Amino acid sequence: MGQAGLSIGDVAEATGLGVHALRFFEREELFLRPIPRTPGGQRSFDSFDVEWLLLCNRLRQSGMPIARLKEFARLVRSGPGNERQRLELLESHERAVRDRIDQLTESLEIIRGKVAVYREHVEEGTAAGIWSPTPFPGTIDEGRDDTGGQR
């Protein structure tokens, strides 16, 4: 183990997680060990706990559900012998992240195209009325068509 005796505040600062999130992680058994307490009842983390939390942050930020993270923590806590299960869990998450990246890349290409069109029209002074949807009956702009011109 690494540096010991880190307070919950130290760990919150090192990981960017709030104190409530750290308590949640403990309640949900997402740590790799029970977090010991000082004689005064304060949690006492070590640098290994911080490293684990930083990994958990990345997994969560990349979309891993808490239930999957909890399963991964359980497998790691169990020790040697389940490495294939850990690998399968991580590979499954990797596929999900790659799929999400592909979807975001497709969306980004569409957005880039729209940005280019709008930039061109704004620079040429022809932006008024580009893609102005026809308003619903009874709205203020009832007299405008979908190009922004008058009917």
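Since this is a predicted model, take the numbers as computed values, not measurements.
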Rounded at 0.5 Å granularity, tell me how far CZ in Phe48 sits from CG in Leu32. 5.0 Å
So which atom in Ser44 and which in Thr38 form the shortest heavy-atom distance, rounded to 0.1 Å? CB-CG2, 4.1 Å
Under the side-chain hydrogen bond (donor to acceptor under 3.5 Å, both in side chains) rule, collect the residues that match up with Glu26, sequence neighbours excluded. Arg43
Counting C-beta onward and ignoring hydrogens, is there a side-chain heavy-atom pair between Thr15 and Val50 closer than 4.5 Å? yes
Is Phe45 linked to Val19 within one hydrophobic cluster, defined over Ile, Leu, Val, Met, Phe, Trp and Tyr using a side-chain heavy-atom separation of less than 4.5 Å? yes
Is there a side-chain contact between Phe24 and Ile66 in this structure, where contact means two heavy atoms from C-beta onward sitting under 4.5 Å apart? yes
Got a salt bridge between Glu71 and Arg74, using NZ or NE/NH1/NH2 to carboxylate O under 4.0 Å? yes
Nearest-0.5 Å distance that lies between atom CG in Asp49 and atom CG in Asp46: 4.5 Å
Which distance, rounded to the nearest 0.5 Å, do you find between the OH of Tyr118 and the CD1 of Ile111? 12.5 Å
Rounded distance [0.5 Å steps], CG in Leu55 versus CG in Leu69: 8.0 Å
Which class fits the ring pair Trp52 and Phe72: parallel under 30°, tilted 30 to 60°, perpendicular over 60°? parallel
Distance in Å, Ile8 CD1 paired with His20 NE2, rounded so as to fall on 0.5 Å steps: 9.5 Å
Check the hydrophobic clustering (I, L, V, M, F, W, Y; side-chain heavy atoms under 4.5 Å; chains of links allowed) and say if Leu87 and Met64 are grouped together. no
Would the number of heavy atoms belonging to other residues, nucleotides or ligands and lying under 6.0 Å from CD of Gln42 be above 12? no
Listing, residues 88-95 side-chain donor-acceptor contacts under 3.5 Å, not counting sequence neighbours, or none:
residue: His93; atom: NE2; partner: Ser62; partner atom: OG; Å: 2.7
residue: Glu94; atom: OE2; partner: Arg98; partner atom: NH2; Å: 3.2

Evaluation steps, side chain to side chain donor-acceptor pair (under 3.5 Å), between Thr105 and Asp102: CA-CA 5 Å; Thr105 300; Asp102 290 344; 5.3 Å; no
Say whether, by atom type as modelled, one donor and one acceptor occur between the side chain of Glu83 and the main chain of Gly81 under 3.5 angstrom. yes
Heavy-atom count check: over 12 atoms from other residues, nucleotides or ligands less than 6.0 Å from Arg119 CZ? no
Nearest 0.5 Å, what's the CG-CG distance between Leu104 and Asp99? 11.0 Å
Over 12 non-hydrogen atoms of neighbours within 6.0 angstrom of CZ in Arg58: no
Could you tell me which non-hydrogen atom of Leu22 sits nearest to which non-hydrogen atom of Phe31, and how far apart they are? O-CE1, 3.8 Å
